[in-house]
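Structure, as structure tokens:
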Amino acid sequence: MIADARVFQDTFLPDEIVHRNAELNRLSGIVQPVLEGNPAETACLFGPTGVGKTCCAQYALEQLRETTFDIETAYVNCWHNYNGYRVLYRLLEELNRTLDVHRQSTPKDELYDRLRQADTHPYVVILDEVDQLEDKDVLYDLYALPHVTMILIANDEQDLFSGLDDRLYSRLRGSECVKFDRYSDDELVSILESRVQRGLAEGAITREHLALIADAAAGDARVAIGVLRTAARQASYDGATELSRADIDAAIPEARSELRRKTLDQLIADQQLLYEIIDEHGEVAPGTLYEAYEHRCDGPKSRRMVRNYLSKMEHYNVIEADGEKRSRVYRVSEAAFGTTER
DNA sequence: ATTCCACGGGAAAGCATGGACC
DNA sequence: GGTCCATGCTTTCCCGTGGAAT
């Protein structure tokens with residue numbers, strides 16, 4: 001029943017972008033000057049998860065590469081590369097300039113110098129989830145390189161700009177912003193249809209069932225495709241030739257928990273334990289939380305370190321903190337896993 | 001109204017790591 | 001092998017804050 005499983009992967013880049021023509025044209029226009037050897041404005045893409053920001057950015061770079069050889073591009077996810085050093089390292093890595101750079105023993109300045117010297121071609125870089133970056137100063141450094149063009153991706157404009165110091169803010173304020181809205185159900189259905197066409201055998205799923213998935217996904221294409229993938233996988237295990245209503249009904253919560261698990265897997269053990277405790281309590285005060293953590297942990301970290309973990313988890317939208325100082329409570333964030341929408 | 005103190009978060013110091021250099 | 005050095009992670013110290021206790 002599955003003709004091509006790749007089209008259901010999160011990393012899959014389709015040949016054609018559906019329902020994002022306006023945004024894509026806008027973005028292509030912003031980076032266009034690069035083709036004439038001129039510096040382009042920094043582009044900022046904003047919008048909730050699963051609305052095609054990353055997809056459009058990568059597609060736009062793909063288009064550039066089709067036009068000319070004389071351009072370098074890179075994709076950096078700032079969730080994984082969360083400080084200036086790692087971002088610079090990744091950018092050099094994409095240029096194959098890290099041969100004699102040894103991790104941790106080469107100062108950041110030298111990485112930056114190398115990047116500055118690598119200016120034979122324009123370098124267009126995507127910095128995804130840029131709000132996860134700890135020290136935003138690296139954006140300022142990159143901004144100062146005339147051959148580097150940045151495409152910044154973040155969920156929320158306020159979130160990104162509020163954490164910046166003045167000099168960076170004044171520069172990025174002038175950048176070109178492209179906002180992405182949630183997909184409508186109809187748009188989601190046609191996105192799914194284009195994947196189904198390539199990924200599943202003819203007649204494996206009806207349009208009604210796709211509408212069901214779209215409805216459950218609440219405008220998030222990543223969730224929608226995840227549900228489709230989960231349902232198709234199950235139906236395929238069962239040896240069925242088409243997806244049943246039951247497959248889809250089961251896939252909706254399962255895809256959600258898969259998403260949750262993937263997010264939690266990215267946390268370190270201490271953070272996972274903290275999450276577990278918070279989840280069990282529903283709502284928990286900082287003192288109680290630490291005591292429970294201390295009790296259940298082999299080598300508990302200090303209170304201060306736990307505060308670092310918690311604020312990072314809050315930043316990741318895995319947990320929420322409500323209230324200030326002594327009246328603060330922590331709870332798990334449902335919004336991050338698409339359960340509170342609608 | 002005043003004091004108390006749990007909390008968050010900044011700064012600095014300590015520790016571990018791993019390559020460079022001798 | 002030993003020493004040096006930069007970095008990331010962790011702890012220690014500290015201070016301002018605002019809700020709770022008095």
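Letters A, B, ... mirror the listed sequences (proteins, then strands); counts begin at 1.
Which of C:dT10, B:dG8, C:dC13 sits closest to the side chain of A:Pro286 comes down to B:dG8. For A:Ser302, the listed nucleotide lying nearest its side chain is C:dT11; candidates were B:dG9, C:dT11, C:dG19.
For A:Arg303 and A:Tyr293, the positive end is not near the middle of the six-membered ring at less than 6.0 Å and at most 45° from its axis.
The nearest whole Å value for the distance from the CG atom in A:Leu289 to the P atom in B:dA6 is 16 Å. Taking atom CZ of residue A:Arg303 and atom C1' of nucleotide B:dG9, one finds them 15 Å apart after rounding to whole Å. One can place NE2 of A:His315 at 17 Å from P of B:dG8, the figure rounded to the nearest angstrom. Between the C1' atom of C:dT17 and the CZ atom of A:Arg328 lies a distance of 12 Å, rounded to the nearest Å. Protein atom CG of A:Asn308 is 17 Å distant from nucleotide atom P of C:dC13, rounded to whole Å. In this structure, the CZ atom of A:Arg304 is 11 Å from the C1' atom of C:dT12, given to the nearest Å. At whole-Å resolution of the value, CD in A:Gln271 and P in C:dC9 are 11 Å apart. A:Lys301 places its NZ atom 20 Å from the P atom of B:dG14, with the value rounded to the nearest Å.
Summarising the local packing, CD of A:Glu280 is surrounded by more than 12 heavy atoms from other residues, nucleotides or ligands at distances under 6.0 Å. Taking a 6.0 Å sphere around CZ of A:Arg222, one finds it holds 12 or fewer heavy atoms contributed by other residues, nucleotides or ligands.
Contact annotation for A:Tyr309: backbone-only contact, meaning every heavy-atom pair under 4.0 Å involves sugar-phosphate atoms and none involves a base.
A continuous path of ILVMFWY side-chain contacts below 4.5 Å connects A:Leu145 to A:Leu127, so both sit in one hydrophobic cluster.
Within the structure, every side-chain polar atom (N or O) of A:Tyr290 is placed at least 4.0 Å from both OP1 and OP2 of B:dG8.
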